[in-house]
There are 2 protein chains.
Amino acid sequence: MSKSLPSTNRSLPIALIRAREGVMAPIRDMLSETSITEQQWRVLRVLADFGRMDTKTLADRSSLLFPSLTRIAATLRDKGFVTQTRDDQDRRRQLIEITAAGQRIINDHAPQAAQIAEGFKDILGAAEYETLLDLLTRLDPGAQD
Amino acid sequence: MSKSLPSTNRSLPIALIRAREGVMAPIRDMLSETSITEQQWRVLRVLADFGRMDTKTLADRSSLLFPSLTRIAATLRDKGFVTQTRDDQDRRRQLIEITAAGQRIINDHAPQAAQIAEGFKDILGAAEYETLLDLLTRLDPGAQD
DNA sequence: GTGCAACAATTAACATGTTAAGGAAATGGA
DNA sequence: TCCATTTCCTTAACATGTTAATTGTTGCAC
């Protein structure tokens, strides 16, 4: 047996990259009709899901690094899809909220996005789909469960 | 029942991103001692695995887009870790090969990289590790098997 | 109060992801 | 031969990933 490197054919990082590419391709196709990117869509999704929140929480829930979120929030604000307001209690903090226009983007594409998600469940089967989500979660050190 | 969007808590794209982050974090830590990035490491891995090849094949095996590979190859060439030569039969083609210095980077870190990979097998268990790789492969449309 | 550590957010700098356009070489006819 | 098409690769432009440095704010010890 061995401590040798696995072949790149059977490498977990590469498998994760390719799976992500396969999953995101149809979503990117869908978003190509809009003016927003995959990450901007993710941020709007989280805001629609949980409502107004501070930047730190938004970054965590969107799985984005802080500097990325700073730029994305600025872009979304310029496009009129979110609003940024200072927290009066702690003026370091910033609260971000989705606007009606932003919510409209979500609503307009939610059915198609749901259909794409269902498609992947069909490919794997419901049981294996759940298995996959569980296994992926166990690779995420930030998922303390 | 529903065609409604799944909560972002249980979203496959986000789970893939977080898993990738969890897997790559220790690898990035390892590479921080070197002068190369995660993607440059991946390219060198493939070249060490398969030997000299043209850019198209290298891009496929490294799961990199062509424009990214163009830049990465130039960077690695400037660092002296790969060589680029024109194919005499087809002068459009370019052949890329790892150098001794590049191979040394791989050799010096292969044990540690293998140990990191083993760590993830331990976290999931060997059987579930294989299950995960299989499920991920089924999400990759480019994996015709 | 003053000074300092801790925190939230931004900015900077560089590498990569992504799409589109461009350039050079090969290919396949008319 | 000529030309359109295809193929391989590069360049450009913009968005994001990543790390480090910087700017405001807060809270706390003194």
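Chain letters run A, B, ... following the sequence lines, proteins first, then strands; residues in each count from 1.
By the 4.0 Å N-to-carboxylate-O rule, B:R28 lies close enough to B:E21 to be salt-bridged with it. For B:R20 and B:E38, the salt-bridge test passes: some basic side-chain N is under 4.0 Å from an acidic carboxylate O.
The distance from atom CD1 of A:I27 to atom C1' of C:dG17 is 16 Å, rounded to the nearest whole Å. Going from atom CG of A:D87 over to atom C1' of D:dG24 covers 15 Å, rounded to whole Å. What separates CG of B:L69 from P of D:dC9 is a distance of 9 Å, to the nearest Å. B:R77 has its CZ atom 9 Å from the P atom of D:dT10, to the nearest Å. One atom, CD1 of A:I96, and another, C1' of C:dA9, lie 10 Å apart when rounded to the nearest Å. The interatomic distance linking A:R86 (CZ) with C:dA9 (C1') rounds to 7 Å, in whole Å. One interatomic measurement links the two molecules: CD of A:Q89 to C1' of D:dG24, which rounds to 18 Å at whole-angstrom precision. Here the P atom of nucleotide D:dT16 and the CD atom of A:Q39 are 6 Å apart, to the nearest Å.
Nearest-nucleotide positions on DNA chain C place A:T57 closer to the 5' end than the other of A:T57 and B:Q40. Comparing A:T70 and B:K79, the nucleotide of DNA chain C nearest to each residue sits closer to the 5' end for A:T70. Checking B:Q84 against A:D88, the closest nucleotide of DNA chain D that is more toward the 5' end is the one next to B:Q84.
A donor-acceptor distance shorter than 3.5 angstrom exists from the side chain of B:R42 to the backbone of B:S62, with no hydrogens or angles considered. Checking side-chain atoms of B:T137 against main-chain N and O of B:L133 turns up a donor-acceptor pair under 3.5 Å.
When the side-chain nitrogen and oxygen atoms of B:T37 are compared with OP1 and OP2 of C:dT16, one or more of them lie within a distance under 4.0 Å. For the OP1/OP2 pair of D:dT10 and a distance below 4.0 Å, the side-chain nitrogens and oxygens of B:Q94 include at least one atom meeting the criterion. Put simply, B:T55 has no side-chain N or O that comes within less than 4.0 Å of OP1 or OP2 on D:dC8.
To the nearest 0.5 Å, atoms OG1 (B:T55) and CG (B:L69) are separated by 6.0 Å. Rounding to the nearest 0.5 angstrom, the gap separating the CG atom in A:L136 from the CD1 atom in B:I14 is 12.5 Å.
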Which protein N or O atoms sit under 3.5 Å from an N or O of nucleotides 18-20 of chain D?
from, atom 1, to, atom 2, distance (Å)
D:dT18, OP1, B:R28, NH1, 3.0
D:dT19, OP1, B:R28, NE, 3.4

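Listed by first and then second residue, the salt bridge (Lys or Arg N to Asp or Glu O under 4.0 Å) pairs that reach into residues 88-107 of chain A are A:D90-A:R92, A:D90-A:R93, sequence neighbours excluded.
Closest to the A:K56 side chain, of the nucleotides C:dA9, D:dC9, C:dT16, is C:dA9.
For A:R92 and C:dC7, a side-chain-to-base donor-acceptor distance below 3.5 Å is present, hydrogens and geometry of angles not being considered.
Using a 4.0 Å heavy-atom criterion, one finds that B:L64 contacts the sugar-phosphate atoms exclusively.
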